[in-house]
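Below, chains carry the letters A, B, ... as their sequence lines are ordered, and counting in each starts from 1. If you're wondering where the values come from, they're calculated on a predicted model, not measured in any experiment.
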Amino acid sequence: MSLTITLPDGSKKSFPGPVSGSEVAQSIGQRLAKDALGIRVDGQLRDLTARIDRDAAVSIVTYKKRDGSVDPDALFLMRHSAAHVMAEAIQRIVPGAQLVYGPPLEDKFYYDIRFPDDRHLRESDFAAIEAEIAGILGENRAFTRYEEARDACLARLKREGNKYKLDNAERALAADPDAKLSFYATGEPGRNWEDLCRGPHVPSTGRIGAVKILSLASSYWHGDENSDRLTRVYGTAFGSQAELDAYIRQREEAAARDHRVIGARLRLFHIDETVGQGLILWTPAGSIVRKELQSFISAELRKQGYTEVFTPHIGRLELYKTSGHFPYYKDKQFTPFLEREDLDRLSSSGCTCAEMVNRVEGVSARLAAGINERTGTQTITPDRILPDDQLLGGFMLRPMNCPHHAKIFGSAPHSYRDMPVRLAEFGTVYRWELSGELNGMTRVRGFTQDDAHLFCTEDQVPAEIQGCLSLVKTVFATLGIKDFRVRVGLRDPDSDKYTGKRESWDKAEQACRDAARSLGVPFSEEPGEAAFYGPKIDFVVKDVIGREWQLGTVQVDYNMADRFDLSYTGPDNRPHRPVVIHRAPFGSMERFCGVLIEHFAGAFPTWLAPEQVRVLPISEKTNEYARTVEDALRAAGVRVSTDLGNDRIQGKIKAATDWKIPYLLIVGPRDAEGRAVSLRVRGVEKDAGSMPLDQFVDRIGREIAERRAELSVLTQ
RNA sequence: GCCACCGUAGCUCAGUGGUAGAGCACACCCUUGGUAAGGGUGAGGUCGCGGGUUCAAGCCCCGCUGGUGGCUCCA
């Protein structure tokens, strides 16, 4: 039976019967056959040796594509193969190390390994492992795939005593009972190292160009912290040592753009261990950036009809019991603080700690009944209900702003005519993040959300979601942020854990989709990712190291108004439940500014720059004129300073350049004479010519007022 | 929290058991120089904290603390 192979250029080749990928490559050309690393059969990546037994579209995977770029599939094959080689090397060095799972990633690979209790891996082992790897690559052993019948395979894995691999096989079979379990030998089956693996791989170890071990980490089996702890060994592989070196260099350069590095150098923020981990001290320079951003956002909010509120950073425990934040999310919160009198009374009566915790976390029968009745479900279970005289009060640092805002809404009557009510606050919240999760400004324990709660009628939900997204669009456009993605979290259609009516959800989900589409950036719909109380839209950006951070979110909430018994009067003169939309489109000022520092690499547009202009007198002879220039700019509201030091002008320029100041005004006798300034623009390594002082003041004023992204004084 | 690595001047870093160093930044002096570092002098340190080993510890050992990377993209 003959079969037809369609190649990427559309040409077809006929073969008398099943052929391997390498035979197809061979039939096209010697050179291609030599360079081939694998094949794609109808888009699916396979071994070069895989047999094709039906008509298919086939393309040969080589390291470099026609256009000279590296084929990601080739890197995938290479890294997956490198993971095997690394695992073999590690097992030689540490006998008894059990392999768990070793996939290729976007730019590296890892292998999760369970090491014997008495022999952990250290970075000092890397050199020996890399030497073993080099040896294996030099032997150029073929990756040899063979399949084994289900029962034989399971029996063999059991015999080998590696529960992790057995689990992998069982999971694969659970997903597809007809799946063929395959092994890959790095060389000859039975003689060389083997691993249960789905493949595919490069033809032989010699085809892996260069491998480097990057780092060690701890991980959990199946990502479950209650499960076995594993050691994760990260590495990467490239086609050549030069590319690997370039990758390492690029990682180092990215590290230099890290907001923590730039933030320290430009004195934008400070974290002090005595103040506490994950708590940001905004220094004067960073505070300017933040304040300017907040002013910008506030101005946009006013245009959209928001009203601003201020609320305190703490609230009574009862508030969070009502909202449901406590104790359900207690692991993510700072411990509540109790009143001194209560503590004294309890300690003198011999109260145990466990008992105290119970009394703090319990609720009164009255509160439980009220909430259960309003929400229509038993959200407060009987085991948490305690008699009033046993309950302990106290306060909590707030983990969210919504309870305070709900209370503001509830503090006055509302008519449908006044809806929606949009309460905005740059609200500071506190969350107990694991110490290992903390990261500069992007993961902290105290942060200020650009928060607002929109209390609206059900019909108003789509327009309000759209309003939130148009705000995001405006702000991102002004800042030139284009590289972000949007996640639309929808409900899992098979689950009934969600509150709110099905029709409401349908409408809100559609509104989220429509709004996301209107942004004109990629967005993904993710069923099952909605909160139990409503669908949501998240905005996600990448940092310089390639890590993703969620910035803002827009969430529809069908639950909160119930819990706080909020209502407005409808046209029928009866009370109605509002729908609440939580929205913090930029997430937190901390994370957002951290991302912005990296986005601009510290070179902020003029309106955001802590120091917008520095005046540099050529010598002391023009110090006085420099003061005149400084005064004129300051009077116009420009953030300006003057360098009166006794450096030469070259030195002053170097110093100012390090601070990434948008405009430098060099003033010497020539300028003083004609009330002019000699301009130097950030990023332009030369004298930008002279300009009348008044014109400069005028133009920079316009640039700042319009929040221009570009330094436009020369081009206006 | 868990695993690995790291913590020396404000910053970047050197210092393999024997009297704490460099560059930049800072202060002062000389220099008054037209577009990315003129020259000199000086000040600045509980070497993250606590314990131990040693005649002697920044260095070796233990504990703590803080930072960094990572903690599934299901064979």
Side-chain angles (χ1 to χ4, degrees), chain A residues 76 80 99-106 108-110 112-113 115 120-126 153 157 164-176 179-184 195-199 214-225 227-234 251 255-256 258 260-261 264-267 270-274 276-278 331 432-440 545 547 616-623 645-658 664-671 678-681 684-690:
Chain A
F76 183 93
H80 192 182
L99 303 180
V100 182
Y101 171 53
L105 306 176
E106 201 177 298
K108 50 192 167 191
F109 64 83
Y110 67 80
D112 276 348
I113 299 173
F115 283 94
H120 281 253
L121 208 62
R122 295 170 175 284
E123 283 185 12
S124 50
D125 295 318
F126 286 6
C153 172
L157 290 170
Y164 307 106
K165 284 288 171 186
L166 183 61
D167 175 78
N168 286 343
E170 283 169 349
R171 280 160 167 266
L173 290 169
D176 174 12
K180 290 201 171 139
L181 294 171
S182 57
F183 288 82
Y184 277 80
D195 192 11
L196 172 77
C197 178
R198 177 174 51 182
L214 297 172
S215 63
L216 288 172
S218 131
S219 64
Y220 300 105
W221 194 26
H222 300 157
D224 173 4
E225 61 183 297
S227 189
D228 294 4
R229 272 188 260 281
L230 310 170
T231 300
R232 176 166 298 181
V233 190
Y234 278 92
R251 272 164 49 113
D258 191 302
R260 290 162 298 191
V261 174
R265 204 170 60 222
L266 300 186
R267 302 266 148 84
H270 175 64
I271 298 171
D272 191 286
E273 65 175 272
T274 310
Q277 294 180 278
D331 291 347
W432 186 260
E433 302 287 354
L434 292 179
S435 61
E437 297 265 18
L438 298 174
N439 189 281
I545 308 179
R547 288 179 297 208
L616 312 178
I618 293 283
S619 77
E620 282 174 18
K621 290 174 186 160
T622 41
N623 276 1
N646 58 2
D647 270 334
R648 297 198 310 165
I649 195 65
Q650 288 85 341
K652 292 182 182 182
I653 288 170
K654 169 67 167 73
T657 303
D658 287 346
L664 306 183
L665 301 182
I666 287 103
V667 294
R670 290 209 298 266
D671 308 284
S678 290
L679 192 58
R680 198 179 160 104
V681 181
V684 182
E685 289 186 20
K686 60 174 197 229
D687 182 351
S690 171

Spacing of [X] atom [atom1] relative to [N] atom [atom2], expressed in whole Å:
| X | N | atom1 | atom2 | result |
| --- | --- | --- | --- | --- |
| A/Leu105 | B/A75 | CG | C1' | 15 Å |
| A/Phe115 | B/C2 | CZ | C1' | 16 Å |
| A/Arg267 | B/G10 | CZ | C1' | 6 Å |
| A/Phe126 | B/C5 | CZ | C1' | 9 Å |
| A/Glu170 | B/C74 | CD | P | 19 Å |
| A/Leu216 | B/C6 | CG | P | 12 Å |
| A/Leu438 | B/G70 | CG | C1' | 14 Å |
| A/His120 | B/A4 | NE2 | P | 7 Å |

Residues at least two apart in sequence or cross-chain that pass side-chain contact (heavy atoms from CB on, under 4.5 Å) with A/Asp195, listed by chain then number, are A/His84, A/Leu99, A/Tyr111, A/Lys165, A/Trp193

base_contact_polar ([N] base, [X] side chain, donor-acceptor, <3.5 Å):
| X | N | value |
| --- | --- | --- |
| A/Ser219 | B/C71 | no |
| A/Arg171 | B/C74 | yes |
| A/Tyr220 | B/G70 | no |

With a 4.5 Å cut-off on side-chain heavy atoms, are [Y] and [X] touching?
| X | Y | answer |
| --- | --- | --- |
| A/Leu216 | A/His120 | no |
| A/Ile666 | A/Ile649 | yes |
| A/Val667 | A/Leu616 | no |
| A/Phe183 | A/Cys197 | no |

It should be established whether [X] places a side-chain nitrogen or oxygen under 4.0 Å from OP1 or OP2 of nucleotide [N].
| X | N | result |
| --- | --- | --- |
| A/Tyr234 | B/C71 | yes |
| A/Arg260 | B/G69 | yes |
| A/Asn439 | B/G69 | yes |
| A/Ser435 | B/G1 | yes |

[atom1]-based separation of [M] from [N] [nearest Å]:
| N | M | atom1 | answer |
| --- | --- | --- | --- |
| B/A37 | B/C24 | C1' | 10 Å |
| B/C71 | B/U12 | P | 26 Å |
| B/G42 | B/A22 | P | 11 Å |
| B/C26 | B/G45 | C1' | 16 Å |
| B/A20 | B/G15 | C1' | 9 Å |
| B/A9 | B/A14 | P | 12 Å |
| B/C2 | B/C60 | C1' | 27 Å |
| B/C59 | B/G7 | C1' | 14 Å |

For RNA chain B, the dot-bracket notation using Watson-Crick and G-U wobble pairs below 3.5 Å, [ ] for pseudoknot-type crossings and | for other-strand pairs, is (((((((..((((....[..)))).(((((.......))))).....(((((..]....))))))))))))....

Of the candidates B/C73, B/C2, B/G70, the side chain of A/Arg547 sits closest to B/G70

Regarding the side chain of A/Gln277, the nearest nucleotide among B/A75, B/G66, B/G1 is B/G66

Heavy-atom nearest nucleotide on RNA chain B taken for A/Leu230 and for A/Ile545; more 5' hit belongs to A/Leu230

| Within the structure shown, what part of the strands sits under 4.0 Å from A/Leu616 by heavy-atom distance: base, sugar-phosphate, or nothing? | nothing

Check your understanding: NA contact type, A/Arg232, heavy-atom cut-off 4.0 Å: base, sugar-phosphate, or nothing?
Key -> sugar-phosphate

Nearest heavy-atom contact between A/Gly102 and A/His80 is O-CD2, 3.9 Å

Of all heavy-atom pairs linking A/Val100 and A/Asn168, the shortest is O-ND2, 2.7 Å

B/S/- along nucleotides 33-46 of chain B (protein heavy atoms under 4.0 Å) is BBBBBB--------

Distance alone, cut at 3.5 Å: any donor-acceptor contact between the side chains of A/Asp228 and A/Tyr164? yes

So CG of A/Asp258 and CD1 of A/Ile545: to nearest 0.5 Å the spacing works out to 5.0 Å

State whether the number of non-hydrogen atoms from other residues, nucleotides or ligands found under 6.0 Å of A/Arg547 atom CZ is greater than 12. yes

Fill in: More than 12 heavy atoms of other groups within 6.0 Å of A/Glu106 CD
no

| field | Working for side-chain contact (heavy atoms from CB on, under 4.5 Å), residues A/Asp647 and A/Lys654 | value | CA-CA 10 Å; A/Asp647 270 334; A/Lys654 169 67 167 73; over 6 Å; no

